[in-house]
> 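Pasting a structure here, questions to come.
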Amino acid sequence: MLNKYARAAVTTLFSPLARLLLRLGVGPDAVTIVGTLGVCLSALLLYPRGELFWGTIAVTVFVFSDTLDGIMARAQGRSGPWGAFLDSCLDRFGDAAVFGGLVVWFARGGDSELTAGLALLCLVLGGIVPYIRAKAEGVGMTAAVGIAERSDRLVAVLVTTGFVGLGLPTEVLTVVLALLALASAVTIGQRMATVRRQVLAAAADRP
């Protein structure tokens with residue numbers, strides 16, 4: 001949903017920076033890799049120390065590389081399978097770092113095993129969601145459905161974590177993580193059901 005309404009505005013905002021980087025000889029793949037490293041280091045170094053606000057600020061800065069690299073690739077006319085593959089693979093590292101950092105903090109200094117457990121559940125389910133889509137496409141089906149896209153889930157957890165770092169009760173983040181886990185579980189069910197319907201339809205069409 002966020003992709004649908006925010007893409008045009010974000011593209012307009014980052015296009016000048018994309019053109020500048022291209023003139024400097026920086027490629028979209030380099031931006032993708034540096035952005036992912038930045039997200040991982042920010043989340044794994046700051047969140048486990050309880051720096052939830054500054055960790056979120058740092059992660060958010062690097063998360064924008066996920067948009068910037070796409071703008072650069074389109075400007076070069078290089079949008080294609082490799083960029084999409086690299087972006088998707090590295091997204092998994094970034095997501096794991098964000099939720100993993102929260103798991104470490106709340107299992108230790110944050111003193112909330114429930115929040116830590118929910119963050120771990122989000123990490124696991126969030127990894128299964130794209131796997132189902134990739135596996136479906138690998139067998140000739142489609143599974144691009146779900147009630148919450150990756151960007152929606154990431155924005156929700158980052159915004160809430162940042163405000164918790166500013167003093168918002170931890171329980172708010174706990175509720176958000178529970179809702180994100182539920183959304184991921186529902187999405188998994190939707191995607192499996194979608195593939196199941198396609199398989200049955202294909203079987204019915206065969207003589």
Side-chain angles (χ1 to χ4, degrees), residues 1-3 32-33 35-52 55-56 58-60 62-63 65-66 84-139 141-165 170-196:
M1 185 172 65
L2 289 175
N3 281 343
T32 303
I33 294 169
T36 300
L37 288 174
V39 168
C40 292
L41 290 174
S42 298
L44 295 177
L45 291 177
L46 296 176
Y47 281 167
R49 295 168 54 191
E51 298 285 351
L52 301 185
T56 297
V59 168
T60 301
F62 286 108
V63 159
S65 67
D66 200 35
F85 172 79
L86 179 66
D87 196 51
S88 180
C89 289
L90 295 186
D91 281 348
R92 308 287 78 79
F93 285 95
D95 292 353
V98 169
F99 288 104
L102 293 176
V103 171
V104 174
W105 167 244
F106 285 107
R108 294 182 175 182
D111 295 326
S112 178
E113 293 184 356
L114 176 59
T115 306
L118 287 170
L120 180 59
L121 183 59
C122 286
L123 191 161
V124 173
L125 294 177
I128 295 174
V129 168
Y131 172 80
I132 292 176
R133 178 173 177 174
K135 191 65 176 178
E137 292 173 352
V139 296
M141 306 294 172
T142 60
V145 298
I147 61 173
E149 297 181 3
R150 173 185 178 264
S151 57
D152 298 318
R153 300 194 303 269
L154 193 59
V155 167
V157 72
L158 288 177
V159 169
T160 310
T161 299
F163 278 112
V164 169
T170 300
E171 289 76 14
V172 177
L173 179 59
T174 304
V175 171
V176 169
L177 289 172
L179 292 174
L180 291 179
L182 177 61
S184 296
V186 171
T187 299
I188 288 171
Q190 289 176 303
R191 292 188 171 188
M192 294 186 72
T194 297
V195 174
R196 173 70 173 167

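Worth saying up front: this structure is predicted, and the values here are computed from it rather than measured.
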> What's the spacing between L102 CG and S112 OG if we round to 0.5 Å?
11.0 Å

> If you measure only the distance, is there a donor-acceptor pair under 3.5 Å linking the side chains of T56 and Y47?
yes

> Quick check for you: to the nearest 0.5 Å, what is the distance between I188 atom CD1 and L125 atom CG?
4.5 Å

> Measure the CD1-CD distance between I132 and Q190 for me, rounded to the nearest 0.5 Å.
10.5 Å

> Pair V172, F163 - check side-chain contact (heavy atoms from CB on, under 4.5 Å), show working.
CA-CA 9 Å; V172 177; F163 278 112; over 6 Å; no

> To the closest 0.5 Å, what do you measure between OG (S151) and CG (L158)?
11.5 Å

> State whether the side chain of R108 and the backbone N or O of P48 hold a donor-acceptor pair below 3.5 Å, judged by distance alone.
no

> Looking only at non-hydrogen atoms, find the nearest pair between D66 and R150 and report the distance.
OD2-NH1, 3.6 Å

> Taking the side chain from S88 and the backbone from A84, do they hold a donor-acceptor pair closer than 3.5 Å?
no

> Closest heavy-atom contact between V176 and A156?
CG1-O, 4.1 Å

> Tell me which pairs pass side chain to side chain donor-acceptor pair (under 3.5 Å) where either residue lies in residues 122-137, with sequence neighbours left out.
R133-E137

> On a heavy-atom basis, which atom in A97 and which in L44 lie closest, and how many Å separate them?
O-CD2, 3.7 Å

> Does the pair L173 and F106 meet the rule for a side-chain contact (heavy atoms from CB on, under 4.5 Å), with working shown?
CA-CA 11 Å; L173 179 59; F106 285 107; 3.6 Å; yes

> Is there a donor-acceptor contact under 3.5 Å from the side chain of R191 to the main chain of A143?
yes

> Quick check on side-chain contact (heavy atoms from CB on, under 4.5 Å): which of L121, V157, L114 does L177 satisfy it with?
V157

> List the residues meeting ring pair (Phe, Tyr, Trp, His ring centres under 6.0 Å) with F85, not counting sequence neighbours, and say none if there are none.
W82

> Nearest 0.5 Å please: distance from the OG atom of S65 over to the CG atom of D87.
8.0 Å

> Looking at every non-hydrogen atom in both residues, tell me the closest pair between V103 and L120 and how far apart they are.
CG2-N, 3.4 Å

> Between A136 and T142, which heavy-atom pair has the shortest distance, and what is it?
CB-C, 4.3 Å

> So which atom in L52 and which in G165 form the shortest heavy-atom distance, rounded to 0.1 Å?
CB-CA, 3.8 Å

> Measure the OG1-CG distance between T187 and L182 for me, rounded to the nearest 0.5 Å.
9.0 Å

> According to side chain to side chain donor-acceptor pair (under 3.5 Å), does anything in residues 175-186 pair up with another residue at least two apart or in another chain? List the pairs.
none

> Is the shortest side-chain heavy-atom distance between L46 and R49 below 4.5 Å?
yes

> Run D95 and R92 through side-chain contact (heavy atoms from CB on, under 4.5 Å) and show every step you take.
CA-CA 5 Å; D95 292 353; R92 308 287 78 79; 3.7 Å; yes

